[in-house]
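Report on the following structure.
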Amino acid sequence: MTTGQFKDGIAAGRLEPARYADNFSDLHPPLDGHEALVEADRCYFCYDAPCMQACPTSIDIPMFIREIATGNPIGSAKTIFDQNILGGMCARVCPTETLCEEVCVRETAEGKPVQIGRLQRYATDEAMRQGKQFYKRAASTGRKIAVVGAGPAGLACAHRLAVNGHDVVVLEAKPKAGGLNEYGIAAYKTVDGFAQAEVDYVTAIGGIEIRYGQALGRDFSVASLAGEYDAVFLGMGLAGVNALRADGEDADGVENAVAFIAALRQAQDLGSVPVGRRVVVIGGGMTAIDAAIQSKLLGAEDVTICYRRGKDRMNASGYEQDLAAANGVTIRHWLQPKKVIADKGKVTGIELEYTAETGGKLSGTGETLTLSADQVFMAIGQTLDAGSLNGGGNAAPELEGGRIKVDGEGRTSLAKVWAGGDCIAGGEDLTVSAVAHGRDAAESIHRSLTSNGRA
């Protein structure tokens with residue numbers, strides 16, 4: 001351990017170089033062939049399996065596990081990819097503990113579910129390692145679709161459209177594809193550049209062109225796309241960041257947790273990423289957990305998450321909360337930020353107010369607590385940049401609750417325009433849900449383009 005660990009302020013190189021690789025190693029190492037067979041043998045292969053019902057993409061989980069159990073991991077991978085072309089990443093980042101594994105019969109009976117996520121990773125990794133492509137493009141329809149955003153929703157939509165013979169142009173604002181899979185997930189959950197390997201695997205089918213540095217509202221509008229393409233899918237996620245709404249939040253050291261996580265994911269040298277000695281994270285979701293744990297892994301001495309409600313109201317799963325605690329992160333509840341304390345423009349602490357809930361309404365109690373901090377991360381949710389939806393066009397899709405309103409097939413209020421992922425009303429911050437939205441919208445687009453005799 002270097003003296004950098006104990007330096008006040010925000011600093012890089014808090015640990016010995018060798019520590020970083022160990023700290024950020026794979027959270028759930030892959031199963032080997034024998035381990036996969038043993039784990040697959042635990043499955044009861046339930047009829048009307050509850051795990052399958054809990055999966056947002058409706059993967060036939062008993063089937064893919066049976067295929068592993070019978071020595072057919074490639075067939076297993078196809079069963080997975082048929083429903084979820086990003087099954088490899090979902091196997092790594094899905095909160096399986098609150099989805100398929102939570103309802104596993106083994107979990108109900110024994111408190112130890114079948115490790116569905118790790119089995120899914122075993123199969124999909126093997127298929128990708130062998131370069132197995134299970135899908136071919138249909139005959140060209142002559143139709144061209146614009147997809148805004150190369151995140152999970154956009155990639156899933158683009159792939160299914162390409163399978164159906166359409167040409168797809170994906171417009172991505174950032175220099176890399178992948179969306180949150182590339183920029184928004186903790187580094188220890190997806191190692192060895194897997195996000196980009198998956199993008200390459202998805203686009204290998206052909207017919208998908210990705211154009212980088214193209215931002216909605218700056219380089220094009222929804223109206224211009226609708227005029228140029230046969231259909232449009234909006235899957236750009238959420239670009240806005242909620243404000244801390246505390247006095248002094250513009251002080252040096254108050255940072256966006258999403259940007260911090262993105263910087264970590266793009267860093268060639270983790271030791272070059274600066275972190276505070278005392279870190280406070282405001283929020284209760286996965287972003288807060290990821291920012292807090294990674295701060296600790298970078299060498300922060302004291303890391304505290306503050307959340308305005310109780311433990312059971314946190315969006316982060318119980319497993320993730322326990323993971324944070326196991327990494328030395330303190331989680332404090334019923335606290336909301338009131339004032340950032342600064343000296344010469346730099347954060348030195350944060351004043352928080354205790355909260356209470358009465359009749360379903362949250363309010364401050366007037367009692368306060370001050371925590372020392374040289375870095376404060378905001379992880380209190382993201383918002384849709386609704387202004388970008390106009391971007392020079394005369395029409396914008398109807399919104400609901402600050403996000404894009406869609407019907408059951410992902411159609412917006414605008415003709416020829418569909419949407420999915422985090423940007424839609426009711427969208428969840430889950431890769432697997434975004435994949436389902438993109439896949440289903442693609443099928444709706446395909447039906448629309450082929451049912452009117454034009455394709």
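Because the structure is predicted, anything quoted here is derived from the model rather than measured.
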Taking only residues two or more places apart in sequence, or in another chain, which ones meet E198 in a side-chain hydrogen bond (donor to acceptor under 3.5 Å, both in side chains)? none
Expected output: side-chain R439 to main-chain R160 donor-acceptor under 3.5 Å: no
Under the 6.0 Å and 45° cation-pi test, does K174 pair with Y183? yes
Among residues at least two apart in sequence or on other chains, which ones pass side-chain contact (heavy atoms from CB on, under 4.5 Å) with P56? L99, V432, S433
Looking at Y307, does the NZ or CZ of R313 lie under 6.0 angstrom from its six-membered ring centre and within 45 degrees of the ring axis? no
Taking side-chain hydrogen bond (donor to acceptor under 3.5 Å, both in side chains) as the test, write out the residues that go with Q196, two or more places apart. E182
Check residues 280-297 and write down every donor-acceptor pair under 3.5 Å in which the side-chain atom is one partner and the other belongs to a residue at least two apart or another chain.
residue : atom : partner : partner atom : Å
D290    : OD1  : K189    : NZ           : 3.2
Q294    : OE1  : A187    : N            : 2.8
Q294    : NE2  : D290    : O            : 3.3
S295    : OG   : A291    : O            : 2.8
K296    : NZ   : E301    : O            : 2.7

From CZ (R106) to SG (C46), nearest 0.5 Å: 9.5 Å
Partners passing ring pair (Phe, Tyr, Trp, His ring centres under 6.0 Å) against F260 (at least two apart in sequence or in another chain): F377
Which donor-acceptor pairs under 3.5 Å do the side chains of residues 396-404 make with protein atoms, sequence neighbours left out?
residue : atom : partner : partner atom : Å
R403    : NH1  : D422    : O            : 2.8
R403    : NH1  : G427    : O            : 3.3

Main-chain N/O of A263 paired to Q266 side chain as donor or acceptor, under 3.5 Å: no
List the residues meeting side-chain hydrogen bond (donor to acceptor under 3.5 Å, both in side chains) with R92, not counting sequence neighbours, and say none if there are none. D125
Would you say CG of D192 has more than 12 non-hydrogen atoms from neighbouring residues, nucleotides or ligands within 6.0 angstrom? no
Evaluate the side chain to side chain donor-acceptor pair (under 3.5 Å) criterion for residues W418 and S444: first the C-alpha distance (whole Å), next the side-chain angles of each, then the deciding distance (0.1 Å), finally the verdict. CA-CA 9 Å; W418 283 254; S444 178; 3.0 Å; yes
Partners passing side-chain hydrogen bond (donor to acceptor under 3.5 Å, both in side chains) against K405 (at least two apart in sequence or in another chain): none
Any donor-acceptor pair under 3.5 Å linking the side chain of E39 with the backbone of Q115? yes
Once side-chain contact (heavy atoms from CB on, under 4.5 Å) is applied, do any residues pair with P29, and if so which ones, sequence neighbours excluded? none
Indicate the atoms forming the closest heavy-atom contact of L234 with C423, along with that distance. O-SG, 3.6 Å
Chi angles and distances behind the side chain to side chain donor-acceptor pair (under 3.5 Å) call for E255, Q375: CA-CA 7 Å; E255 301 179 26; Q375 192 170 34; 3.1 Å; yes
Which donor-acceptor pairs under 3.5 Å do side chains of residues 324-347 form with protein atoms, sequence neighbours excluded?
residue : atom : partner : partner atom : Å
N327    : ND2  : L323    : O            : 2.9
Q336    : NE2  : E353    : OE1          : 3.2

Criterion side-chain contact (heavy atoms from CB on, under 4.5 Å) on V148 and F233, from CA distance to verdict: CA-CA 6 Å; V148 181; F233 176 77; over 6 Å; no
State whether the number of non-hydrogen atoms from other residues, nucleotides or ligands found under 6.0 Å of R411 atom CZ is greater than 12. yes
Identify each donor-acceptor pair in which a side-chain atom of residues 79-89 lies under 3.5 Å from a protein atom, sequence neighbours left out, and give them as a table.
residue : atom : partner : partner atom : Å
T79     : OG1  : E67     : OE1          : 2.8
T79     : OG1  : E67     : OE2          : 3.3
T79     : OG1  : G75     : O            : 3.3
D82     : OD1  : K78     : NZ           : 3.1
D82     : OD1  : Y135    : OH           : 2.7
D82     : OD2  : K78     : NZ           : 3.1
Q83     : NE2  : T57     : O            : 2.9
N84     : OD1  : L86     : N            : 2.9
N84     : OD1  : G87     : N            : 3.2

Partner set under salt bridge (Lys or Arg N to Asp or Glu O under 4.0 Å) for R245, not counting sequence neighbours: none
